[in-house]
Amino acid sequence: MEPPQHDDAAASGLRLRVARGLTWTLVDTWGRQILNFAVFVVLARLVSVDEIGLVALATVFVGFAQLVVDQGLGDALIQRRQVDREHMDTAFWVAVATGTTLTLLGVVLAVPLSAVPQKPNLTPILQVLSITFLLSALSSIQIAILRRTLAFRSLAIRALVAALGGGVIGIVLAFMGWGAWALVGQQIGAAVFSVLTLWGVSDWRPGFTFSRPHFRELFGFGMHVTGSDILNFLSRNVDNLLVGAVLGDTALGLYSVAYRILNITQVMLINVARKLAFPALSRLQHDPPRLARAYLRLNWVGSVAIMPGYIGLALVAPELIVLLFGAKYAEAGIVASILFLIGPVLTLQAFSGALLNAAGHPNVVFRFRLITTLTSVIGFAIAVSFGIVWVAAAFVIRGYLLLPLNLYWVRKYAAVPVAAYVRQLRGVFLATAAMVAVVLVLRLLLPSDMARSAFLAIEVVAGALTFAAVVFLLERPLITELLHVARMLLPGRRRGVEVLAADDDAELAGP
């Protein structure tokens with residue numbers, strides 16, 4: 001029996017919207033990260049390592065509080081199959097109330113928080129950065145609504161304007177000699193530009209309504225998402241807290257530069273797809289076999305960027321960081337090389353959280369992140385006394401130890417066949433191994449007095465060509481799939497599919 005044509009047509013419409021969403025998500029994420037990274041390189045050369053470490057410590061406290069601004073209600077709006085006006089209005093006013101409260105608390109609690117690591121100069125920085133809580137509240141639900149409708153073009157415009165505006169403010173302040181406050185000004189400026197632009201590109205405006213029943217409907221899902229986000233944040237930032245408290249601002253400055261490189265690559269290589277994966281996979285929650293196939297396809301395509309990207313950067317990070325930031329950050333290059341060895345783990349589990357949330361199991365994501373946080377605290381607490389290199393090693397070791405549990409839960413709660421899942425990546429793993437071998441051989445053959453920039457260029461080009469050649473020989477279906485995705489990113493698709501995509505809008509937005 002042939003499947004209904006309407007289902008095939010709807011699937012084509014969803015694929016088109018996902019592809020177009022990916023196009024604008026790439027513009028958003030890559031453009032923003034390139035701008036932010038360029039600004040950070042300039043600021044790192046103008047600001048001392050100690051000042052970078054001080055603001056990095058403040059950012060840990062601020063980033064933690066920002067996780068609870070909307071209490072996960074934004075993700076709940078995305079995941080629900082149907083939402084109405086009361087859901088959106090209620091979520092918005094809860095976020096505004098929470099953001100206002102956090103801003104006031106941040107100003108008051110900045111003094112005792114600064115006393116914990118014994119850094120009184122942290123107090124005014126925390127107080128000023130607390131303004132971002134309210135600014136985040138004015139953005140979070142707007143962003144969720146745009147993500148729900150896959151309106152990634154509007155999100156891209158907002159992100160690029162914010163990155164550019166904040167970057168200009170930060171660089172101007174740095175040239176004026178404001179030191180750490182240049183980094184603070186960059187963050188505040190980006191948040192202000194983000195709110196102004198977002199409200200300009202979005203048509204939705206909140207009404208003056210609040211519904212307890214609608215809040216309860218959203219909060220049941222949102223509290224698990226928020227809890228998971230908090231645990232994930234702690235597991236990814238407890239190392240910064242311990243390094244800053246135990247080893248000091250200079251060590252934290254070096255570590256934060258290395259971690260900043262890791263974070264930028266994760267955003268560019270993984271979070272692009274993560275942003276799209278959750279709303280797209282949520283559309284398939286009613287069809288578990290189709291959901292599992294979509295997840296496998298996503299990981300298969302994503303592995304081409306994640307695996308060679310991380311391992312390649314592990315090889316070249318020491319030279320790259322010195323070239324970009326200067327010799328004073330040489331130790332950060334060694335730390336970055338170790339951190340990037342997490343690549344194989346991320347290749348296998350980068351989108352598992354989006355999958356489990358889309359399937360309606362945020363509690364499982366919460367449990368996994370709870371375990372991750374506990375093991376992170378223990379591992380980092382042991383490693384920090386040995387220096388930042390060992391802290392980086394603890395980060396990577398934890399990832400490999402918990403990978404089997406992640407794969408088991410993906411199979412149990414989302415019916416993903418793990419054996420087939422791993423087998424489909426063997427060609428990418430072999431191609432990455434060949435890339436590593438070629439780069440290591442080049443290091444033996446190239447003259448040691450060659451200019452650093454030329455040395456890096458030869459390594460990167462040779463490694464990329466080797467990876468591409470091996471994938472072409474071993475994974476022809478993957479090449480076909482990548483070409484298919486590339487074609488979907490281009491404009492000019494046939495009108496019939498565009499109509500179906502418009503039909504999908506109605507279902508995404510709700511009544």
Side-chain angles (χ1 to χ4, degrees), residues 2-3 5 7-27 29-30 150 152 268-270 272-277 280-281 283-284 287 289-312 343-344 346-352 354-355 410 416-435 438 461-498 500-501 504:
E2 295 184 358
Q5 292 183 355
D7 290 345
D8 292 341
S12 297
L14 178 58
R15 283 195 296 270
L16 176 64
R17 290 193 58 76
V18 169
R20 288 185 173 175
L22 179 58
T23 301
W24 283 108
T25 303
L26 286 169
V27 173
T29 306
W30 283 59
L150 303 182
F152 289 98
M268 296 182 71
L269 297 179
I270 298 176
V272 171
R274 273 182 180 168
K275 287 182 180 179
L276 200 59
L281 292 175
R283 296 287 305 278
L284 306 176
D287 190 347
R290 189 176 166 203
L291 177 63
R293 290 195 300 271
Y295 177 72
L296 289 173
R297 185 182 182 191
L298 173 64
N299 275 276
W300 193 38
V301 173
S303 68
V304 176
I306 299 170
M307 184 64 181
Y310 274 77
I311 298 302
L346 293 179
T347 303
L348 288 166
Q349 70 176 44
F351 309 109
S352 60
L355 170 70
V410 164
V416 174
V418 173
Y421 175 30
V422 175
R423 281 198 304 272
Q424 76 172 359
L425 300 176
R426 60 181 176 229
V428 172
F429 277 81
L430 289 172
T432 303
M435 176 192 75
V438 167
V461 172
L465 290 176
T466 301
F467 178 83
V470 176
V471 168
F472 181 79
L473 291 174
L474 300 180
E475 291 285 358
R476 296 291 181 86
L478 178 56
I479 299 296
T480 302
E481 181 69 19
L482 289 170
L483 292 174
H484 173 70
V485 171
R487 285 195 298 269
M488 292 289 287
L489 299 180
L490 298 175
R493 302 294 292 175
R494 62 185 183 275
R495 180 64 182 165
V497 178
E498 292 177 353
L500 289 169
D504 285 341

Table please: side-chain donor-acceptor pairs of residues 466-479 below 3.5 Å, with sequence neighbours left out.
{"from": "T466", "atom 1": "OG1", "to": "A462", "atom 2": "O", "distance (Å)": "2.8"}
{"from": "E475", "atom 1": "OE2", "to": "G427", "atom 2": "N", "distance (Å)": "3.4"}
{"from": "R476", "atom 1": "NE", "to": "F472", "atom 2": "O", "distance (Å)": "2.6"}

Seminar exercise, completed: Sequence neighbours excluded, the answer for side-chain hydrogen bond (donor to acceptor under 3.5 Å, both in side chains) partners of S352 is N406
Problem set entry | Contact summary for S303 and P308, nearest pair of heavy atoms | O-CD, 3.4 Å
For this session: Would you mind reporting whether F429 and P344 have side-chain heavy atoms less than 4.5 Å apart?
Result: yes
Seminar exercise, completed: The reported gap from CD in Q349 to CG in N299 (rounded to nearest 0.5 angstrom) is 10.0 Å
Exercise. Considering residues at least two apart in sequence or located in another chain, which fulfil the side chain to side chain contact (heavy atoms under 4.5 Å, CB included) criterion with A350?
Worked result: I270, R274, I306
For this session: Mind checking the CG-CE spacing from L465 to M435? Nearest 0.5 Å is all I need.
Result: 12.0 Å
Exercise. Does the side chain of L425 reach to within under 4.5 Å of the side chain of T347, using non-hydrogen atoms?
Worked result: yes
Exercise. Between atom CZ of R426 and atom CG of L430, what is the distance when rounded to the nearest 0.5 Å?
Worked result: 9.0 Å
Exercise. Can you name the residues that form a side chain to side chain contact (heavy atoms under 4.5 Å, CB included) with A419, not counting sequence neighbours?
Worked result: R423
For this session: Could you list the residues that satisfy ring pair (Phe, Tyr, Trp, His ring centres under 6.0 Å) with Y295, not counting sequence neighbours?
Result: Y421
